[in-house]
Each structure stands twice: as structure tokens, then as C-alpha cells.
Asks: 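Here it is, the structure, as C-alpha cells.
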Amino acid sequence: MEALKGFDIDAPRWDQSTFMGRLKHFFNITDCLILPIIMQRLEKYRFMQKITFLHGPLQVMMVGVFLIFMVPAACSLFPQRCSMAVSKLEPELRESIISQYGDRVSYVYFNKGL
């Protein structure tokens, strides 16, 4: 529970005064909000009322389309570079780094990737 002490639900996660901060916030909330709105509008049409059995597969397909476009965009906006203390690495990797570089390296940097 100590990890949650610094968490404030009312404070914005990103700086909303910059364009990139607003864009990150937008990508976080729109994925979950757009699909129900689209489905609600589509269900008003007569052809959608006839194919109610396809609503589930259609929603799954639309989520897939959102992920195809939103994940690469979000990955390009959010930092993908992480750091970790050498002392927290696996023993084999830690020993390899220490044998090559000694105590000069205290942190390693890596790409999070997907």
C-alpha cells in the first residue's frame, strides 16, 4: 500500500498545459470512449437493427482497428527508454556487466519495446 501514497486521483497524470501533455491524455481516454459512442450511433440505422448477432464481432473488429492505429501512435508519444540499477539485474547479467565495466556503470538503459 505504500506505493499508492504518492498517487493522487485528482491530479492530472501529464502536464495539460503543453500540446504533448494534452495529446497523451487524449490517447488515454479516447480509446475507451469512442467505441460505445460509435456503436450507439450505428445501432440507430435499420441495417444494424437487422444484424444484432453481428454486434459482438463488429465491436471486436473495431477494437482491433483502434489498436492498430492507437498503439503505434501512443508508443511514439510515450518514452520507451527505461533505466534500472545494475544491482537489480539478474545475477548472470550483473556479473557480466561488472566484469566488463567494473563499478563505473551503476545504471543500465534499455528500450521497453512492446
Side-chain angles (χ1 to χ4, degrees):
M1 287 304 217
E2 288 187 30
L4 296 178
K5 286 183 181 176
F7 182 74
D8 184 11
I9 196 164
D10 295 324
R13 210 166 154 191
W14 297 284
D15 180 20
Q16 300 294 312
S17 65
T18 64
F19 173 75
M20 291 304 285
R22 289 190 303 270
L23 195 59
K24 287 178 183 179
H25 181 72
F26 173 77
F27 275 127
N28 252 3
I29 63 169
T30 54
D31 228 9
C32 299
L33 295 177
I34 289 177
L35 185 59
I37 293 169
I38 291 174
M39 285 305 294
Q40 184 180 15
R41 299 237 174 145
L42 284 176
E43 287 172 356
K44 293 178 183 176
Y45 292 109
R46 189 177 187 107
F47 77 93
M48 283 296 285
Q49 293 171 357
K50 291 181 182 178
I51 57 167
T52 56
F53 59 93
L54 289 178
H55 285 194
L58 182 64
Q59 289 180 24
V60 170
M61 183 184 71
M62 291 171 74
V63 166
V65 169
F66 282 156
L67 290 176
I68 287 172
F69 293 107
M70 292 297 227
V71 168
C75 285
S76 67
L77 291 175
F78 293 96
Q80 297 296 312
R81 190 170 176 196
C82 288
S83 64
M84 183 180 287
V86 173
S87 61
K88 293 185 178 183
L89 294 174
E90 296 172 345
E92 301 87 19
L93 185 58
R94 183 178 346 128
E95 290 170 9
S96 169
I97 291 172
I98 290 175
S99 68
Q100 268 187 328
Y101 301 103
D103 292 335
R104 292 180 292 171
V105 177
S106 57
Y107 284 91
V108 291
Y109 297 92
F110 59 93
N111 186 355
K112 284 193 289 189
L114 294 176

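We count residues from 1, following the sequence as given.
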Asks: Has Q49 got more than 12 heavy atoms of other residues, nucleotides or ligands less than 6.0 Å from its CD?
Replies: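 Yes, enclosed.
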Asks: Please write out which residues are connected to Y107 in a hydrophobic cluster, directly or through intermediates, given that two of Ile, Leu, Val, Met, Phe, Trp, Tyr count as joined at side-chain heavy-atom separations below 4.5 angstrom.
Replies: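 The other cluster members (ILVMFWY side chains, heavy atoms under 4.5 Å, direct or chained) are Y109.
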Asks: Mind checking side chain to side chain contact (heavy atoms under 4.5 Å, CB included) for L93 and listing every partner two or more places apart, or none if nothing turns up?
Replies: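 Only L89, I97 meet the side chain to side chain contact (heavy atoms under 4.5 Å, CB included) criterion with L93.
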Asks: Check step by step if side-chain contact (heavy atoms from CB on, under 4.5 Å) holds for Q100 and V105.
Replies: CA-CA 10 Å; Q100 268 187 328; V105 177; over 6 Å; no
Asks: Going through the distances and angles, do Y101 and V108 end up as a side-chain contact (heavy atoms from CB on, under 4.5 Å)?
Replies: CA-CA 12 Å; Y101 301 103; V108 291; over 6 Å; no
Asks: Can you tell me how far OG1 of T52 sits from NE2 of H55, rounded to the nearest 0.5 angstrom?
Replies: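 Separation between the atoms: 6.0 Å.
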Asks: If hydrophobic clusters are built from ILVMFWY residues whose side chains come within less than 4.5 Å, do F53 and V60 share one?
Replies: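 No; V60 is not reachable from F53 via cluster members.
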Asks: Take atom OH in Y45; do more than 12 heavy atoms of anything else shown fall under 6.0 Å from it?
Replies: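 Result for OH/Y45: open.
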Asks: Do you reckon F47 sits in the same ILVMFWY cluster as M62, going by side-chain contacts under 4.5 Å, direct or chained?
Replies: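 Yes, it is one cluster - the side chains of F47 and M62 are joined through contacts under 4.5 Å.
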Asks: Locate the shortest heavy-atom distance separating L35 from V63; write the atom from each residue and the value.
Replies: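 Result for this residue pair: CD2-CG2, 3.3 Å.
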Asks: In Å, rounded to the nearest 0.5 Å, how long is the span from CE of M48 to CG of L42?
Replies: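 The CE atom of M48 sits 5.0 Å away from the CG atom of L42.
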Asks: Report yes or no: do F66 and I37 belong to one cluster of Ile/Leu/Val/Met/Phe/Trp/Tyr joined by side chain heavy-atom distances under 4.5 Å?
Replies: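 Looking at the clustering, I37 is in a separate group from F66.
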